Q: 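I'd like to ask some things about the structure below.
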Amino acid sequence: MGIAVKLPDGKVLELAGGATIRDAAAAIGARLAKDAVAGKVNGEVRDIRTPLKDGDTLSIITRQMPEGLNVLRHSAAHIMADAVQRLFPGTKVTFGPATETGFYYDFDKPGGFQMEDLEKIEAEMAKIIAADHAFQRVEISRDEAIRLFQEKGETFKVEHIGNIPKDEAITIFRHGDWVDLCEGPHIPSTGWIKAFKLTALAGAYWRGDERNPMLSRVYGSAFFDQESLDKFLVQQEEAKRRDHRKLGRELGLFSTVEEIGAGLVLWHPKGALVRKLIEDFWREEHLKNGYQIVYTPHVGKADLWKQSGHLENYKENMYAPMVLDNADYFCKPMNCPFHIHIFKDARRSYRELPVRYCELGAVYRYERSGVLHGLMRVRGFTQDDAHIFVQPEKLEEEVVGALKFCMFFLRAFGFTGFDAYVATRPEKAIGEQSAWDAATAALRKACEAAGLNPMLDEGGGAFYGPKIDVKIKDAIGRAWQLSTIQVDFNLPERFNLEYTGKDNAAHRPYMVHRAMLGSLERFFGILVEHYAGAFPAWLAPEQVRILPITERNLDYCQELAHHLRSFGVRVELDSSNEKLGQKIRVAEQSKIPLMVIVGDKDQTAGGGSLREHGKGDRGFLPREALIEEIKRSAARPS
RNA sequence: GCCGGGAUAGCUCAGCCGGUAGAGCAGCUGAUUCGUAAUCAGCAGGUCGCGGGUUCGAGUCCCGCUCCCGGCUCCA
C-alpha cells in the first residue's frame with residue numbers, strides 16, 4: 001500500500017509503504033539523496049532511516065543546513081564513545097549531544113581522562129570513520145532495551161530508559177558493533193565525518209546536578225569538510241586574541257593578584273581612566289534623564305539584611321559578617337536597601353514620583369572559586385544600579401523611558417544587535433497574579449515602544465516580579481546580557497514603602513531595579529573584547545601619540561602636545577631614541593587611535609602627518625586642520 | 001565547591017631519567033638622528049607560587065594550601 005507525504009513546496013510525493021526519509025530524498029533527486037542527512041517530519045527532526053506515514057509533512061535536512069551539522073556532531077559523539085570504550089573497557093557512557101560549536105560526551109570512567117588520552121581517542125575515532133560503518137536505527141521494546149543495557153552494565157542508560165515517557169518509542173542506534181540508546185538522528189555512515197578534533201576535558205555532573213556523581217566530559221567538534229574545521233579553529237584564535245585578560249595585561253588596564261585574593265580587581269591607571277570616562281558619561285546622562293545620584297555605604301547591619309530578605313534568600317552569596325559594637329555588619333551584595341532608606345527618609349507625594357535613584361555602587365558577593373573569570377565574574381564589583389519608585393499605574397510609561405535610555409546608552413558604545421526577553425512569573429513567587437499579569441503586560445508593551453520585539457522567557461522571572469533582560473551582540477557575534485529592568489513587588493512590602501496619593505491616602509509604590517551595563521567590571525571586560533582592545537578615541541586612555549622623527553623635532557612636538565592638551569586631548573609624546581618604524585610599531589601595538597608624525601618637513605610646513613590606528617598613513621595636515629580632525633575623532637557620542 | 005590542566009625573570013616560554021636555571025621581548029647604559037609596524041652593542045634581572053616531606057642532593061618526586069586556565073553549577 002502506497003503513502004503520500006507533503007513537501008515544503010506543497011507538492012505531494014507518492015511513496016511505497018514503509019518508505020523512509022532516505023527513500024523520499026532519493027525519489028526527489030539523486031543530488032538530494034547524496035546530501036540528505038536527516039529529515040523534518042511534521043516539524044520534528046527525525047533520522048533519515050525513519051519510516052514515513054501517510055499524510056506526513058516532510059522536509060529534507062542536508063549537509064548544507066545548520067541542522068545537518070548538528071546531526072553530524074551528534075554522530076561524532078557516538079563515534080567518540082565507541083572509541084573510548086574500545087580503548088578504556090569498563091567506561092560507562094551517559095549522554096553525548098551536539099552543542100553550538102561541536103559536541104561532547106560524558107563518561108563515567110574511574111580515574112578520569114588525561115590530556116594525552118585525547119590523541120589516542122582521536123586516532124581510534126579515525127579508524128572508525130575510515131571503516132565507514134553505516135548507522136542503523138532499530139526500534140525496540142522497553143524490556144528489550146533494559147535487558148540490553150543491563151547486560152552491558154550501562155547503568156546510566158538503564159536509569160534513563162526509566163525516564164523516557166511511556167508513550168514514546170525507544171530506539172537504539174548501531175554503527176559497526178557499537179550501540180547506544182538514542183533517539184537520533186544520525187548521519188548515514190561514519191565516513192561522512194571529514195574533519196574533527198577533540199578540544200577539551202572537563203568534569204560535569206550526571207544530569208547537571210552537583211549532588212550527583214561527577215562524570216568526565218570530552219569536548220570536540222566535527223565538520224563535513226576540513227576547511228570548515230580550519231575556519232572554526234581560526235575563530236577560536238580570534239576569540240583568544242580578544243581575550244580581555246590577555247589584553248588587560250598587555251595594555252596595562254587591570255590586574256588581579258594572588259596576594260589580594262581571587263576575584264578582586266586592581267584597576268591600573270589606563271583602565272581606571274577608561275572607567276572614569278564611562279562613569280562621567282553615565283552620570284551626566286542620568287542627570288539629563290531625571291535620575292538623582294546617591295552614594296551609600298559598603299556595609300550595613302544584620303537587621304537591614306533581615307528586613308530586606310537577603311539573609312534569608314541570598315546569604316550563601318554574602319561575605320561573612322564582621323562584629324562591631326555587638327552588632328553584625330555585612331558587606332552589601334546589593335544597593336537596594338540603602339536606596340529604599342533614602343526614599344523612606346521623608347513622606348513622599350505622588351507629585352514627586354517617579355523617584356529615580358542611581359548609584360555606581362560597589363558590592364561584594366561570594367562566588368564559588370571555580371566560577372571566577374577575569375573581569376566577567378568577580379567577587380567585588382560596581383553595579384551601575386538604579387532604583388525607581390513608581391505608581392503602579394505609571395509603570396509602563398516609566399519602563400519605556402528606562403528601556404529607551406538603556407538602548408541609547410548601549411548604542412553609544414557601538415553595540416547594534418539587541419535581543420530582549422520578558423521573563424514571567426516562576427512557580428515560586430510572591431504577589432497577586434493580577435499584579436503580575438498587569439506588570440508583565442506593561443513590560444511587553446514597553447519593549448515594543450522601544451522598538452524591541454521581546455521573546456518570552458516563561459517562568460524565568462525572579463520570585464519578586466517580572467523583568468526585561470536585554471542582550472547585545474559583540475563584534476564577533478557573541479551575546480552578552482547587559483541591561484535588566486526588574487519589577488519588584490516584594491521590597492516595597494517588606495520595607496512598608498508608601499506615598500501619599502491624590503486621594504490623600506497612603507499607597508504602595510512599585511519598585512523597579514535597573515542596570516544598564518550590569519557591572520562596570522564585566523562591561524569593561526566586554527568592551528575590551530568587543531573593540532579587541534582598540535577603544536574608540538573618546539574612550540581611549542591615550543588618544544594621540546606624537547612621534548618625532550629626530551631629536552631636532554622634539555621641541556616642536558612638545559609644544560604641539562601642550563597645545564592639544566589645552567583642548568582636553570589625552571596626548572603623549574614618544575621621545576624615545578628609536579627609529580620611526582619602531583615608534584609606530586609600539587603605538588600600533590598599544591592600540592592608540594591617532595598618531596601624529598613630525599619630521600623636518602612637517603615642522604617647516606607647520607603641521608604634522610596624521611596616522612590612524614589599524615588604517616595607516618593619512619598624510620600631512622596643516623596645524624589647524626590637524627587639531628580640528630583630532631578634536632572631531634575624540635568627541636563623545638551624543 | 002567539584003573534574004581536568006597549570007604556576008620558572010616584568011611578559012611569552014625552554015629546562016630530558018633528581019646533580020644547583022636559560023632564551024626572546026620589555027628594562028637600564030652607550031652608540032646612532034633615522035619618514036610610516038622591530039638600529040646596534042653592552043649590562044642588569046630569579047627564595048623556580050607558598051608550606052611541609054622523601055633524598056647526600058628537589059624547579060624536577062610526594063602531601064597540603066593559594067592563585068590562574070577550561071568546564072560543571074551559578075550569575076552582574
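Labels below follow one simple rule: chain letters A, B, ... track the order of the sequence lines, proteins then strands, and each chain is numbered from 1. In this text, all values refer to a predicted model and were calculated from it rather than measured experimentally.
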Q: Starting from P on B:A26, measure out to CG on A:D574 and report it in whole angstrom.
A: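 The answer, rounded to whole Å, is 13 Å.
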Q: Given atom NE2 of A:H268 and atom P of B:G10, what is their separation to the nearest angstrom?
A: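 In whole Å, B:G10 P lies 15 Å from A:H268 NE2.
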Q: Pairing donors with acceptors under 3.5 angstrom, does anything connect the side chains of A:S590 and A:E542?
A: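 Their side chains do not contain a donor-acceptor pair, so the 3.5 Å distance test is not met.
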Q: Work out how far the C1' atom of B:A58 is from that of B:G15, and round it to whole angstrom.
A: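 Each nucleotide's C1' atom is 14 Å from the other's.
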Q: When the aromatic ring centroids of A:Y291 and A:F405 are compared, is their separation below 6.0 Å?
A: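 Yes: the rings meet the under 6.0 Å criterion.
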Q: Within the 4.0 Å limit for protein heavy atoms, which parts of nucleotides 67-76 of chain B are touched? Write it as a string from 5' to 3', B for base, S for sugar-phosphate only, - for none.
A: SSSBBBBBBB
Q: At what distance, to the nearest 0.5 angstrom, does CD1 of A:I546 lie from CG of A:L594?
A: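 With rounding to 0.5 Å, CD1 (A:I546) is 11.0 Å from CG (A:L594).
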Q: Using the C1' atom on both, measure B:G18 against B:C56 and round to a whole Å.
A: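 It comes out at 12 Å once rounded to the nearest Å.
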Q: I'd like the C1' distance from B:A7 over to B:U36, given in whole Å.
A: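 Those two atoms are separated by 40 Å.
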Q: If you draw the axis of the six-membered ring of A:Y104, does the NZ or CZ of A:R217 fall within 45° of it and under 6.0 Å from the ring centre?
A: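 Cation-pi check for A:R217 and A:Y104: passes.
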Q: Once you round it to whole Å, what is the distance between C1' of B:U36 and CG of A:L621?
A: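 Interatomic distance, CG of A:L621 to C1' of B:U36: 15 Å.
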Q: Should the side chain of A:S609 and the base of B:G35 be counted as holding a donor-acceptor pair, with the cut-off at 3.5 Å?
A: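 Pair found.
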Q: Could you tell me whether A:F107 contacts a base, only the sugar-phosphate backbone, or nothing, with contacts defined as non-hydrogen atoms closer than 4.0 Å?
A: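 Here A:F107 touches no strand at all.
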Q: Counting C-beta onward and ignoring hydrogens, is there a side-chain heavy-atom pair between A:F330 and A:L311 closer than 4.5 Å?
A: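 Of all side-chain heavy-atom pairs linking A:L311 with A:F330, at least one is under 4.5 Å.
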Q: For nucleotides B:C13 and B:C17, find the distance between their C1' atoms and express it as a whole number of Å.
A: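 Comparing C1' positions in B:C13 and B:C17 gives a spacing of 23 Å.
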Q: Expressed as a whole number of angstroms, how long is the span from A:E551:CD to B:G30:P?
A: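 For the pair A:E551 CD and B:G30 P, the rounded distance is 12 Å.
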Q: Hey, does the Lys NZ or Arg CZ of A:R425 hover above the aromatic six-ring of A:F463, less than 6.0 Å from the centre and inside 45° of the axis?
A: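 No, A:R425 and A:F463 do not form such a contact.
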Q: Report which part of the nucleic acid A:D602 touches: base, sugar-phosphate, or nothing (heavy-atom distance under 4.0 Å, all strands).
A: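 Since a base atom lies under 4.0 Å of A:D602, the category is base.
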Q: Regarding A:K120 and A:D117, does a basic nitrogen lie under 4.0 Å from an acidic carboxylate oxygen?
A: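 Yes.
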Q: Using atom CG of A:L251 as one end and atom C1' of B:G10 as the other, report the distance to the nearest whole Å.
A: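 From A:L251 CG to B:G10 C1': 15 Å.
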Q: Are A:K332 and A:F338 in a cation-pi contact, defined as NZ or CZ under 6.0 Å from the six-membered ring centre and within 45° of the axis?
A: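 Cation-pi check for A:K332 and A:F338: passes.
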Q: Taking any strand in view, what nucleotide pairs with B:G59 in a Watson-Crick or G-U wobble way, both distances under 3.5 Å?
A: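 Answer to the pairing question: none, since B:G59 forms no Watson-Crick or G-U pair.
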Q: So, A:E237 and A:K240, do they make that salt bridge, N to O below 4.0 Å?
A: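 A:K240 and A:E237: salt-bridged.
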Q: Counting Watson-Crick and G-U wobble pairs only, both distances under 3.5 Å, name the nucleotide matched with B:G1, or none.
A: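 Base partner found: B:C72.
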Q: Can you tell me the pairing partner of B:G27 across any strand shown, Watson-Crick or G-U wobble, with both distances under 3.5 angstrom?
A: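 B:G27 is paired with B:C43.
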Q: How far, in whole Å, is B:C16 from B:A21 if one measures between their P atoms?
A: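 My reading of the P atoms in B:A21 and B:C16 gives 14 Å.
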Q: Within the structure provided, determine whether A:Y357 and A:E359 are in side-chain contact (heavy-atom separation under 4.5 Å).
A: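 No, their side chains stay 4.5 Å or more apart.
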Q: Whom does B:C67 pair with, Watson-Crick or G-U wobble, provided both distances fall under 3.5 Å?
A: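 Its partner is B:G6.
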Q: Nearest to the A:I549 side chain among B:U33, B:G1, B:G35, which nucleotide is it?
A: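 Output: B:G35.
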Q: My understanding is that a pair needs two contacts under 3.5 Å, Watson-Crick or G-U wobble. By that rule, which nucleotide pairs with B:U33?
A: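 Looking at the geometry, B:U33 pairs with no nucleotide.
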Q: Any idea if B:C61 is syn or anti, going by the 90°-from-0 cut?
A: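 Anti for B:C61; the angle lies over 90° from 0.
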Q: Determine the contact category for A:K601: base if any of its heavy atoms lies under 4.0 Å from a base atom, sugar-phosphate if only primed atoms, P, OP1 or OP2 are that close, otherwise nothing.
A: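 If one applies the 4.0 Å heavy-atom cut-off, A:K601 turns out to touch a base.
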Q: Quick one: are A:M334 and A:H513 in side-chain contact, heavy atoms under 4.5 Å?
A: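 No; the side chains remain at least 4.5 Å from each other.
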Q: Reading nucleotides 37-43 of chain B from the 5' end, what letters show protein touch, with B for base, S for backbone sugar-phosphate only, - for no heavy atom under 4.0 Å?
A: BBB----
